[in-house]
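Below is one structure, written out as structure tokens; comments come after it.
Whatever order the structure lists ligands and atoms in, that order sets their numbers, starting from 1. All values derive from a computational prediction rather than experimental measurement.
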Amino acid sequence: MSDDILVHREAGVLTLTFNRPDKKNAITAAMYATMADAIESADADADVRVVVIQGSVEIFTAGNDLQDFMMRPPQIGEGGELPPVFRFLHAIQRFPKPVIAAVCGAAVGIGTTLLFHCDLVYAGDNAAFSLPFVNLGLCPEAGSSYLLPALVGHHRAAEKLMLGEPFYAEEAAEMGLVNRVLPPHEANAYAQAQAAKLAAKPQASLIATKTLMKRSQAHVPELIAEEGKQFGQLLLGPAAREAISAFMQKRKPDFSKL
Ligand code: COA
């Protein structure tokens, strides 16, 4: 269990908090494993009625740890154990109870795509979402190649997924990705208050509601695996190597020969 994810259970609400401030809450394999374990156990535990995922007032998460990507690129193989990131994605995608996210500061890569699997998203007015996969020599993950166009239409999704530039809380709310924008220091508390309301409701009705709402996403687990295969191959390719080395060396990447 990684200390970089705080796991707190109280009054029917399981809260997972990114807690790696020195690395902007970048997510390591150990952190994915902790989140996957917590969500998988919550699925089977009738005392957990709602899950909240949050960061701090300053930062949600800088996305996948890029050092980890270099050292241990996650690969989906034939058979064998799923890498923790995919265990986490499958756990949150199929989790039948409500999931709420509170997002302040940067939400990079999977920090944004995981929100497509949440039911309610509350954002601080300092939230900055980004999907820089192409800029890293990669491709969309977490089902985002379907879920984002389904949410906002092809052209807007293409802008976010191809250019990879940050977009901010107001635009995210207007796109339908965020339920409400709040002052940053209120976002986590507001998410908790909404979670408390849901925790008091009849669980079977909430589960039926969510299951019915997600029927059109039946193909998403297969898509996550397909995206994962392409992502894994690209991660071993020259553009990703250049982009990640450039980030580590604090310089601009040079794709001119790629
Ligand atoms: N993986 C590993 N380390 C990361 C990281 C990541 N995704 N994001 C940030 N860090 C580290 C930095 O290397 C730096 O470490 P150092 O102090 O040892 O040099 C530290 O966290 C602080 O990051 P810094 O870039 O100085 O913070 P910032 O406030 O200027 O910018 C971000 C914050 C999130 C905008 C910026 O860090 C960023 O763009 N990170 C990369 C995001 C990314 O590409 N994620 C992968 C998506 S698939």
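- Between F167 and F129, the ring planes lie parallel to each other; the angle is under 30°, not in the 30° to 60° tilted range.
- Within the 4.5 Å cutoff, the side chain of L234 has no heavy atoms near those of the F133 side chain.
- A heavy-atom distance below 4.5 Å is not found between the side chains of V85 and I27.
- T17 and N19 share no donor-acceptor pair across their side chains, judged by distance under 3.5 Å alone.
- Within 4.0 Å of ligand 1, the residues that place a heavy atom are D22, K23, K24, A26, A62, N64, D65, L66, V108, F133, L136, F247, K250, listed by chain and number.
- No close placement of the F116 and Y146 rings is indicated, their centers lying 6.0 Å or farther apart.
- Checking Q54 against T15 by side-chain atom types alone, no donor-acceptor pair falls below 3.5 Å.
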